Peer 1: 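Let me begin by handing over the structure; questions about it come next.
Treat the numbers as computed from the prediction; the structure is a model and nothing was measured. Lettering follows sequence order; numbering is per chain, from 1.
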There are 2 protein chains.
Amino acid sequence: MRGYAREHDDDDGGVGTLQPWEALVVDAVGNLIEFWNFKRNQGRVWALLYLRGRALTAAQIQSALGLSKGAVSMLVRELEQWCVLVRVRAPHDDAWRFAAETDLMKMIGRVISERERGIVASVREDLERAERLAKDEHDVPREVLDRLRRMRTLAVFVERALRVFVDTARFDAFGALDMLRDKGARH
Amino acid sequence: MRGYAREHDDDDGGVGTLQPWEALVVDAVGNLIEFWNFKRNQGRVWALLYLRGRALTAAQIQSALGLSKGAVSMLVRELEQWCVLVRVRAPHDDAWRFAAETDLMKMIGRVISERERGIVASVREDLERAERLAKDEHDVPREVLDRLRRMRTLAVFVERALRVFVDTARFDAFGALDMLRDKGARH
DNA sequence: GTCATAGTTTAAGACCATGTGAACCGCAAT
DNA sequence: ATTGCGGTTCACATGGTCTTAAACTATGAC
């Protein structure tokens, strides 16, 4: 019976295809992540790396997940930009290796500060501009202006909330989100 | 100069196109909502209705936003299902009218409980199945099982957090999210 | 009955995101 | 210089989502 771990498992991280249970995990994370507007395969790559618990080469990722060379190249670069994995090269290794980031706060924080915050900010700006324009018209009813103001205020509020979140969450108020980390034990 | 409000503005809610400032608002909301995995036009419809502060007919929505009849039909049905607008028919009116829901908690609560919670739950289930399968293998390293368990635990945690949120948030801990509502004043 | 109006459903097409495969670059070994 | 290997980039194909146009249903007026 073909086992999960090979004898010298250092040099092959996943030739051929995944075990069924591994595929389950990888796809589950992929599906989840897809809903947060990332690519499904980004989630699958991260999950694979996290599960394996060590750095894999692009080729290993490619064959484990059944992706093309180009796709892996794109995916790891994107994930790197989101601080979701790190690219490492051992002294005399001739290939990059990729390892999963396990600090969820770091990842979420980055997504919020780079993406969510930008969106909310631009909505707020549009609402502000709209408010100025509307005020210049002479015939916009008071209640309409009022609703417009309320929307803008809400946007400002959300913007602040996000800022507070990223600024404070690092010093973990959110203990549970540190759960993926390898703390005690080994090493 | 063509004004915003017409003399007898009861019967035309938006013939032709929107005022520039209105378009700004509507599109801003559309862009925002798109990022929460809804259709851009769903956001635009809601924003229009909220801004106008009264129920509009499908035809009015259609011409104000420049959509097709079919699109409006789809959009309002979907929004209705998410409790984002209500469909009303006045006594002797021969057309439905649609009004924006202003209780943000109601809307968010519904989205979380119907969509987000389902996703997280299905991920948790997959992780549980994977964990059982992995335990049946004899050669899965302890650390791997451990990471798998941690992922599952995190999923369970998130699931609980979402449940708590939808169950308690109704009795507004989140005052700011009630901001869109017309409370005091008129009426 | 016919006609008109309001709304729904559907097939077809436009559009966009994602992945592929091949060409390409850079480097090291021979 | 040539070959091999890791990695990147790009044009194109593919697939999914959204919108439209048109057919269709329903309902009320005449």
Side-chain angles (χ1 to χ4, degrees), chain A residues 11-15 26-27 29-31 33-46 48-49 55-82 85-99 115, chain B residues 11-15 26-27 29-31 33-46 48-49 55-82 85-99 115:
Chain A
D11 43 336
D12 91 328
V15 161
V26 155
D27 289 343
V29 175
N31 294 337
I33 224 57
E34 196 173 18
F35 263 84
W36 197 295
N37 261 334
F38 289 93
K39 302 182 193 173
R40 183 183 141 81
N41 279 331
Q42 291 175 338
R44 296 179 73 229
V45 169
W46 178 86
L48 174 70
L49 296 178
L56 300 190
T57 65
Q60 290 169 334
I61 295 171
Q62 181 184 346
S63 75
L65 300 182
L67 298 172
S68 70
K69 205 155 83 108
V72 173
S73 176
M74 299 254 61
L75 293 170
V76 295
R77 184 150 49 79
E78 292 154 0
L79 290 176
E80 217 182 337
Q81 284 163 353
W82 289 109
L85 56 74
V86 286
R87 177 190 297 246
V88 295
R89 173 111 67 169
H92 281 102
D93 200 344
D94 53 350
W96 288 106
R97 285 171 184 270
F98 304 91
R115 206 181 61 179
Chain B
D11 45 335
D12 90 326
V15 159
V26 156
D27 289 344
V29 175
N31 294 337
I33 223 56
E34 196 173 17
F35 263 83
W36 197 309
N37 262 332
F38 290 93
K39 301 182 194 169
R40 183 183 143 81
N41 280 333
Q42 290 174 339
R44 296 179 74 228
V45 169
W46 178 86
L48 174 69
L49 295 179
L56 300 191
T57 65
Q60 290 169 333
I61 295 172
Q62 179 184 347
S63 76
L65 300 182
L67 299 171
S68 69
K69 203 156 83 108
V72 173
S73 174
M74 301 252 60
L75 292 169
V76 295
R77 184 150 48 79
E78 292 153 0
L79 289 177
E80 216 182 339
Q81 285 164 353
W82 289 110
L85 56 74
V86 286
R87 177 189 299 247
V88 295
R89 174 111 65 171
H92 282 101
D93 199 345
D94 53 351
W96 288 106
R97 287 173 183 266
F98 305 91
R115 208 180 61 177

Peer 1: Atom pairs, N/O to N/O, protein against nucleotides 25-30 of chain D, distance under 3.5 Å?
Peer 2:
none

Peer 1: Holding to salt bridge (Lys or Arg N to Asp or Glu O under 4.0 Å), I want the full list of residues that pass it with Arg87(A), two or more places apart in sequence or in another chain.
Peer 2: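 By the salt bridge (Lys or Arg N to Asp or Glu O under 4.0 Å) rule, Arg87(A) matches Glu80(A).
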Peer 1: Among all residues two or more places apart in sequence or in another chain, which pass the salt bridge (Lys or Arg N to Asp or Glu O under 4.0 Å) test with Arg89(B)?
Peer 2: none
Peer 1: With the side chain counted from C-beta on, respond yes when Val45(B) and Leu65(B) share a heavy-atom pair under 4.5 Å apart, and no when they do not.
Peer 2: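 Yes; the side chains approach each other to less than 4.5 Å.
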Peer 1: How many Å lie between CZ on Phe98(A) and C1' on dT8(D), as a whole number?
Peer 2: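 Distance, rounded to whole Å: 11 Å.
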Peer 1: Heavy atoms under 4.0 Å, any strand shown: does Arg87(B) hit a base, just sugar-phosphate, or nothing?
Peer 2: sugar-phosphate
Peer 1: Could you run down the sub-3.5 Å N/O contacts of the protein with nucleotides 18-28 of chain C?
Peer 2:
unit_1	atom_1	unit_2	atom_2	d
dG19(C)	OP1	Asn41(A)	ND2	2.4
dT20(C)	OP2	Ser68(A)	N	2.9
dT20(C)	OP2	Ser68(A)	OG	3.0

Peer 1: Mind checking salt bridge (Lys or Arg N to Asp or Glu O under 4.0 Å) for Asp93(A) and listing every partner two or more places apart, or none if nothing turns up?
Peer 2: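 By the salt bridge (Lys or Arg N to Asp or Glu O under 4.0 Å) rule, Asp93(A) matches Arg97(A).
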Peer 1: Do Gln62(B) and Thr57(B) have side chains that get closer than 4.5 Å, going by heavy atoms?
Peer 2: no
Peer 1: For the CG atom of Leu56(A) and the CD1 atom of Ile61(A), what is their distance to the nearest 0.5 Å?
Peer 2: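 CD1 of Ile61(A) is found 5.5 Å from CG of Leu56(A).
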Peer 1: Is the terminal nitrogen or CZ of Arg115(B) (NZ for Lys, CZ for Arg) located under 6.0 angstrom from the six-membered ring centre of Phe38(B) and within 45° of that ring's axis?
Peer 2: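 Checked: cation-pi criterion met.
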Peer 1: Once you round it to whole Å, what is the distance between P of dC3(C) and CG of Asp94(B)?
Peer 2: 20 Å
Peer 1: Can you name the side chain to side chain contact (heavy atoms under 4.5 Å, CB included) partners of Glu78(B), sequence neighbours left out?
Peer 2: Lys39(B), Gln42(B), Met74(B), Leu75(B)
